[in-house]
Structures are given as structure tokens and as C-alpha cells.
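Worksheet: one structure, shown below.
Numbers here are sequence positions counted from 1.
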Amino acid sequence: MERMPTGIANLDKKISGGYPKGKGILITGVPGAGKTIFGLHFLHKSCMDGKKCIMVATEETPEDLLEQAAMLGLGLESFIEKGLLQIKQVIEFRTRSIAREARLLDDYSDIEIDIIEETHLDRHIRPDQEGFNIEEIDLLDLVRLIPEGSDVAVIDNIGVLAFGMGPKEFRDKFDTLNRLLANQKTSTLYIMDEAAYEMTHKIADYSTYGAVKLMVKENPYTGKNERFLSIPKMRSTKISLDINVFDITSAGISLKGSKAKLVEL
């Protein structure tokens, strides 16, 4: 199977060269575990390789993401200028919608209008007044934000759009989203916060081709809190089932090697 390099050298070695191409990979973890940084590594490497990439940002602004990437030596601004990378500001749509409901705003920004037009969120005319009923953005609306021809997509954080859904509704919609993106051969990282992951009974694991879990906990040998990574699932890949320690450095993720026995999953 063809691979897409993750941008993290030791992680590529651990999973036979990278993420399986054209498949969906789930990354979960607690706050501060480094989930977004894994996404930034993937985007940077893919853009360096000339791939057409898109990031859907549901809880951070593009400015914050670009600054974080630059601090880690993963500068992305030049790729935006070259047309290799787009960042879709779903956070802008979410927060301004809430502000309008609270009567703190009454207009729509250009970014919101673009998202409304791309996702067709003005589908239903209000029966009681002029204008349109602008709905909340939904998991399936993300498909319209990731057009065909996109080689790589990073959705950070998909958990934001899971709140309010029951497990069955989330499973059905996530399965559909994952299937549609796989059909258009987009290699997708779904980043999901631990709270939403637990709330949806961890069923996102069943939908994706692979799963990477990030943890922060005390190392019993050192007595210090450290970051850990495990890969419980990566189809068509020989993986070790041990847990690896990793650091976040000025050059991004540094993953320690593994000598565990390999198994085919």
C-alpha cells in the first residue's frame, strides 16, 4: 500500500513509511498531548512534497495555527501563498453564530459567507420572517469544505461537531464523512479531543483505517509527567503494540524508537 509520510521520521519508521494513502486516521488525546502538532507535521511534509492540502480549523484561528507551526520550524505561510494549503475557518462561523444569538453581532463576515455558500447552510427559508435560517455546521457539511482533488486534509478538532449527537447519529455521520473522503482519495487526519471521544463511546475508532492515541501521564520510572503515543490500529501495516515516549521540541515532535515485536493488523 502506498504511504503518505507523517513528517515525523521515527513515526514513519514505526508504521511502514507513513499513513496509508487515501485513508482516514484518527488522532485522539488529552489537552496538551500534541494532537494539533501531529496535524501540522503532516501538512508541512505533504506541502513540501507538492500535495494539495486543506485544514479545517474548528477551534483555533489560522493566525494561531500559523504562529504555532512557525515556532516548531514547520512554517506554512509560503504554502498558502503558493496555493498548496488552505485553512477553512470554521471557528469563525461557530463563534460569530453564537454571538449573533446573544445579540452581540448582527452581521456576517466574508469568511462566514464563504462557508455558508460552500456548505449550502442557507437551505431552509424561515417561515416567519424574511431571510434564511442559517443552520449550524454539521459533520457532513465538511465534505463540501474539502473539495475533490485535495490530497491531504486535517480536521482539527472534529470533536467540536460531535457534541449534541447521540452515539448512533455520530457513528452514521462519521462513517459517511470518512467514506466520502476516502472515495475521493483524500488522506485525512481526524483530530478529536478526549472529551468528545469518550462522550461518543470511542466509536470513532471503528470508522477509521488507523488510530493514534496520545497520552500525558506519569512515567513510573522517572516520576515525571511525560507524553506517550500508542497505535492500537493501523490496517495493512506491521505495528508494534508498545507505548512510545515522545517530546515536543523546538523542531516539533521527537519520537523515541521502539524495539518491540511487530504484528500484522
Side-chain angles (χ1 to χ4, degrees), residues 3-15 17-21 23-92 142 145-146 150-161 181 186-194 196-197 208 210-216 227-229 231 244-256:
R3 302 280 163 167
M4 295 289 287
T6 67
I8 304 169
N10 280 348
L11 180 57
D12 287 343
K13 293 177 183 177
K14 187 176 175 70
I15 55 174
Y19 303 123
K21 185 176 181 180
K23 305 297 183 181
I25 307 298
L26 177 70
I27 296 184
T28 59
V30 298
K35 301 183 297 297
T36 295
I37 299 176
F38 275 75
L40 295 176
H41 268 286
F42 190 38
L43 288 172
H44 182 265
K45 175 58 176 171
S46 297
C47 287
M48 288 285 290
D49 291 342
K51 305 298 184 185
K52 186 175 181 180
C53 303
I54 187 165
M55 185 174 198
V56 178
T58 69
E59 60 180 3
E60 292 191 65
T61 65
E63 292 77 16
D64 287 343
L65 290 166
L66 292 173
E67 181 178 359
Q68 184 178 13
M71 290 177 62
L72 297 168
L74 304 171
L76 297 174
E77 290 188 11
S78 64
F79 301 123
I80 294 176
E81 295 169 0
K82 294 175 183 177
L84 288 172
L85 174 64
Q86 295 182 63
I87 300 179
K88 298 290 185 177
Q89 301 186 52
V90 172
I91 185 174
E92 173 95 352
L142 298 182
L145 292 178
I146 304 172
S150 300
D151 298 303
V152 166
V154 174
I155 304 174
D156 182 12
N157 160 11
I158 201 165
V160 167
L161 304 181
L181 292 178
T186 300
S187 302
T188 307
L189 281 193
Y190 300 102
I191 296 171
M192 190 175 194
D193 63 272
E194 191 75 9
Y197 179 63
T208 51
V212 178
K213 299 186 185 301
L214 309 181
M215 298 160 277
V216 177
R227 293 180 174 90
F228 296 86
L229 171 149
I231 303 177
N244 291 82
V245 177
F246 71 94
D247 295 321
I248 298 176
T249 72
S250 59
I253 300 293
S254 175
L255 181 68
K256 294 187 178 180

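- From Thr188, atom OG1 reaches atom CZ of Phe42 across 8.0 Å, with rounding to the nearest 0.5 Å.
- Judged purely by distance below 3.5 Å, without hydrogens or angles, the side chains of Ser254 and Asp247 never pair a donor atom with an acceptor atom.
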Hey, mind stepping through Ile25 and Thr208 against side-chain contact (heavy atoms from CB on, under 4.5 Å) and telling me if it holds?
CA-CA 6 Å; Ile25 307 298; Thr208 51; 5.9 Å; no
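- Nearest approach of Pro20 to Ser187, heavy atoms of both residues: O-OG, 4.4 Å.
- No side-chain heavy atom of Asp156 sits under 4.5 Å from any side-chain heavy atom of Ile27.
- The minimum heavy-atom distance linking Asp12 with Gly7 is given by the pair OD2-N, 4.1 Å.
- Side-chain contact between Ile253 and Leu11: absent, with no pair of heavy atoms (C-beta onward) separated by less than 4.5 Å.
- Under the ring pair (Phe, Tyr, Trp, His ring centres under 6.0 Å) criterion, Tyr197 pairs with no residue at all, not counting sequence neighbours.
- In terms of heavy-atom proximity, Thr186 sits nearest to Val152 at CG2-C, 4.0 Å.
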Evaluation steps, side-chain contact (heavy atoms from CB on, under 4.5 Å), between Val212 and Ile15:
CA-CA 11 Å; Val212 178; Ile15 55 174; over 6 Å; no
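- A donor-acceptor pair under 3.5 Å links the side-chain atoms of Asn10 to the main chain of Leu255, judged by distance alone.
- With His41 contributing its side chain and Gly252 its backbone, the two residues share no donor-acceptor pair below 3.5 Å.
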Between Tyr19 and Thr6, is the side-chain contact (heavy atoms from CB on, under 4.5 Å) condition met? List the steps.
CA-CA 6 Å; Tyr19 303 123; Thr6 67; 3.4 Å; yes
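- Applying the salt bridge (Lys or Arg N to Asp or Glu O under 4.0 Å) rule to pairs touching residues 40-63 yields Lys45-Asp49, sequence neighbours excluded.
- Within the structure, the ring pair (Phe, Tyr, Trp, His ring centres under 6.0 Å) test picks out the following pairs touching residues 44-67 (sequence neighbours left out): His44-Phe79.
- Atom CD1 in Ile80 sits 8.5 Å away from atom SG in Cys47 (nearest 0.5 Å).
- Rounding to the nearest 0.5 Å gives a distance of 11.0 Å between CD1 of Ile155 and CG of Leu26.
- Atom CG of Leu84 is separated from atom CG of Leu43 by 11.5 Å, given to the nearest 0.5 angstrom.
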Run the numbers on Ile87 and Leu66 for side-chain contact (heavy atoms from CB on, under 4.5 Å), then give the verdict.
CA-CA 10 Å; Ile87 300 179; Leu66 292 173; 4.2 Å; yes
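- Between the NZ atom of Lys23 and the CG atom of Leu189 there is a distance of 15.0 Å, given to the nearest 0.5 Å.
- Closest heavy-atom contact between Pro5 and Arg3: CD-O, 3.8 Å.
- Taking 4.5 Å as the limit, some side-chain heavy atom of Leu214 sits within range of a side-chain heavy atom of Phe246.
- Minimum heavy-atom separation, Leu65 to Ala57: CD1-CB, 3.7 Å.
- No donor-acceptor pair closer than 3.5 Å links the side chain of Lys256 to the backbone N or O of Val245.
- Using a 4.5 Å heavy-atom cutoff, the side chains of Lys14 and Leu229 are in contact.
- Side chain of Lys88 to backbone of Thr58: no donor-acceptor contact under 3.5 angstrom is found.
- Taking OG from Ser78 and CE from Met48, the interatomic distance works out to 8.5 Å, rounded to the nearest 0.5 Å.
- Across every non-hydrogen atom of Asp193 and Lys35, the tightest pair is CA-CE, 4.1 Å.
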